[in-house]
> 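Handing you a structure now.
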Amino acid sequence: MFFVVDHPCVRAKLSLLRDEATDSKHFREYVGEITCFIAYEALKNLETEEIPVKTPLCETTGCRIRNDVAIVPILRAGIGMLDGILKLVPAATVGFVGLERDHVTAEPKEYYCKLPAAGPDSLAVVVDPMLATGGSLAATVDVLKRNGFSRIVVITILAAPEGRDRMKQLHPDVKVYTGSLDAGLNEHKYILPGLGDAGDRIFGTL
Ligand code: PRP
Ligand code: URA
């Protein structure tokens with residue numbers, strides 16, 4: 001399942017993010033803000049439970065999130081989305097999957113994995129700005145499923161049709177939310193029009 005969060009505020013911020021003149025400081029800020037917009041939509045099916053709340057005027061019934069939410073940024077670029085999503089679910093735990101695409105083959109290589117324990121109500125929310133070939137995301141979802149996570153939602157900032165189709169084929173049960181479905185990939189498997197290398201732009205390693 002694949003959803004584009006099509007909203008004028010997202011489209012306008014995405015244009016700033018794509019602009020090659022945007023420096024790392026502003027790039028990180030836009031990534032955080034766009035993550036909040038997309039997460040707002042992606043997390044709308046979280047379950048809640050009632051709690052009593054005493055306002056200055058009376059007692060009422062409020063709610064809190066019932067699921068154990070585990071945020072899983074894919075290293076490195078996913079770290080740029082972490083603060084944004086933690087604003088919405090501050091009680092979430094955080095796990096990390098480290099993958100790097102080989103520069104020649106574009107195949108992902110895993111170099112790190114540290115995840116919280118999965119419980120019956122757990123929801124894993126994978127964050128990575130770029131869904132290109134889908135290799136990194138599909139491998140991350142494999143890791144999560146092997147570690148007991150059965151409910152998985154993904155938030156990306158940009159996606160290519162190739163990555164969307166790979167996820168539909170390999171993990172049709174996983175919902176992927178993105179800010180834009182771009183046109184495709186270039187010969188180096190970079191998203192077009194895209195925004196370049198997300199990790200390099202977030203961390204200033206151009
Ligand atoms: C980027 C990006 C995704 C992956 C997407 O990471 O953040 O994880 O590429 O490409 P794919 O869909 O073809 O797998 P990269 O491997 O460049 O590592 P980095 O985050 O450390 O820069
Ligand atoms: N990774 C990136 O950072 N950008 C792309 O366009 C594709 C993969």
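This is a predicted model, so every value here is computed, not measured. Counting starts at 1 for both ligands and their atoms, in listed order. Computation of the quantities below employed the complete heavy-atom set of this structure, encompassing side-chain atoms and omitting hydrogens, waters and symmetry-equivalent molecules.
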> Starting from atom 18 (O) of ligand 1, what is the nearest protein heavy atom, named by residue and atom, and what distance separates them?
Leu99 O, 4.0 Å
> Within a distance under 4.0 Å of any heavy atom of Lys189, pick out the atoms of ligand 2 and give their elements.
7 (C)
> Can a donor-acceptor pair be found between the side chains of Arg201 and Thr22 at a distance below 3.5 Å?
no
> Got the closest protein heavy atom to atom 16 (O) of ligand 1, with its distance?
Arg101 N, 2.8 Å
> Would Asp102 and Lys189 satisfy salt bridge (Lys or Arg N to Asp or Glu O under 4.0 Å), going step by step from the backbone distance to the final call?
CA-CA 11 Å; Asp102 183 278; Lys189 310 288 186 201; over 6 Å; no
> Can you sort out which atoms of ligand 1 are near Thr133, meaning under 4.0 Å from one of its heavy atoms?
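Ligand 1 atoms under the 4.0 Å threshold to Thr133: 11 (P), 12 (O), 13 (O), 14 (O).
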> Within the structure, does at least one protein heavy atom fall under 4.0 Å of atom 8 (O) of ligand 1?
yes
> Looking only at N/O atoms, are Ala132 and ligand 2 under 3.5 Å apart anywhere?
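In fact, backbone or side chain, Ala132 has no N or O that close.
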> Is there any N or O on Arg76 that sits under 3.5 Å from an N or O of ligand 1?
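Yes: some nitrogen or oxygen of Arg76 is under 3.5 Å from one in ligand 1.
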> Looking at Tyr177, does the NZ or CZ of Arg164 lie under 6.0 angstrom from its six-membered ring centre and within 45 degrees of the ring axis?
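No, Arg164 and Tyr177 do not form such a contact.
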> Salt-bridged, Lys25 to Glu29, with N to O below 4.0 Å?
yes
> Testing Val72, Val154, Leu43 one by one against Val125 for a side chain to side chain contact (heavy atoms under 4.5 Å, CB included), which residue passes?
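Checked Val72, Val154, Leu43 against Val125; only one passes side chain to side chain contact (heavy atoms under 4.5 Å, CB included): Leu43.
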> Identify the protein heavy atom lying closest to atom 6 (O) of ligand 2, giving its residue, its atom name and the separation to 0.1 Å.
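Of the protein heavy atoms, Ile191 N, 2.8 Å lies nearest.
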> Specify whether the nearest protein heavy atom to atom 2 (C) of ligand 1 is under 4.0 angstrom away.
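Given the 4.0 Å limit, the answer for atom 2 (C) of ligand 1 is yes, a protein heavy atom qualifies.
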> Is the closest side-chain donor-acceptor distance between Asp128 and Thr156 under 3.5 Å?
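Their side chains do not contain a donor-acceptor pair, so the 3.5 Å distance test is not met.
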> Using the side chain to side chain contact (heavy atoms under 4.5 Å, CB included) rule, pick out the option among Leu123, Leu46, Val69 that qualifies with Val153.
Leu123
> What atoms in ligand 2 come closer than 4.0 Å to a heavy atom of Arg101?
7 (C), 8 (C)
> Return the option from Gly80, Gly134, Ser136 holding the heavy atom at the smallest distance from atom 12 (O) of ligand 1.
Gly134
> Quick test: of every protein heavy atom, which one is nearest to atom 5 (C) of ligand 1, and how far off is it to 0.1 Å?
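In this structure, atom 5 (C) of ligand 1 has Met130 O, 3.4 Å as its nearest protein heavy atom.
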> Which is closest to atom 20 (O) of ligand 1 by heavy-atom distance: Gly78, Ala77, Gly135, Gly199?
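Answer by nearest heavy atom: Ala77.
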> Are any of the side-chain nitrogens in Glu49 or Arg64 under 4.0 Å away from the carboxylate oxygens of its partner?
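Yes, Glu49 and Arg64 are salt-bridged.
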> When you look at Lys54 and Glu59, which way does the salt bridge (Lys or Arg N to Asp or Glu O under 4.0 Å) test go after all the steps?
CA-CA 4 Å; Lys54 196 168 178 312; Glu59 293 190 350; 5.4 Å; no
> Tell me whether ligand 1 is touched by Glu100 - counting only heavy atoms on the residue side and a distance under 4.0 Å.
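Yes, that is the case, since the closest heavy atom of the residue is under 4.0 Å from the ligand.
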> Please determine whether side chain to side chain donor-acceptor pair (under 3.5 Å) holds for the pair Thr133 and Arg101, giving the CA-CA distance in whole Å, both sets of side-chain angles, and the decisive distance to 0.1 Å.
CA-CA 10 Å; Thr133 66; Arg101 286 202 323 177; 4.6 Å; no
> May I ask you to say whether Glu47 pairs ionically with Arg151, meaning some side-chain N is under 4.0 Å from a carboxylate O?
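Judged by the 4.0 Å cut-off on N to carboxylate O distance, Glu47 and Arg151 do form a salt bridge.
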> Identify, for atom 4 (N) of ligand 2, the protein heavy atom at the shortest distance, and state residue, atom and that distance.
Gly196 O, 2.8 Å
> Going by heavy atoms in the side chains, are Phe27 and Leu16 under 4.5 Å from each other?
no
> Students should be able to answer this: which protein heavy-atom is nearest to atom 17 (O) of ligand 1, and at what distance?
Asp197 OD2, 4.2 Å
> Taking only non-hydrogen atoms of Asp128, do any sit less than 4.0 angstrom from ligand 1?
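Yes; Asp128 lies near enough to ligand 1 that a heavy-atom distance drops under 4.0 Å.
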> Report the nearest protein non-hydrogen atom to atom 3 (O) of ligand 2: residue, atom name, distance rounded to 0.1 Å.
Ala198 N, 2.8 Å
> Which residue owns the protein heavy atom closest to atom 5 (C) of ligand 2, what's the atom, and how far is it?
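Residue, atom and distance for the closest contact: Tyr190 CD2, 3.4 Å.
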> Mind checking whether Tyr111 has an N or O less than 3.5 Å away from an N or O of ligand 1?
no
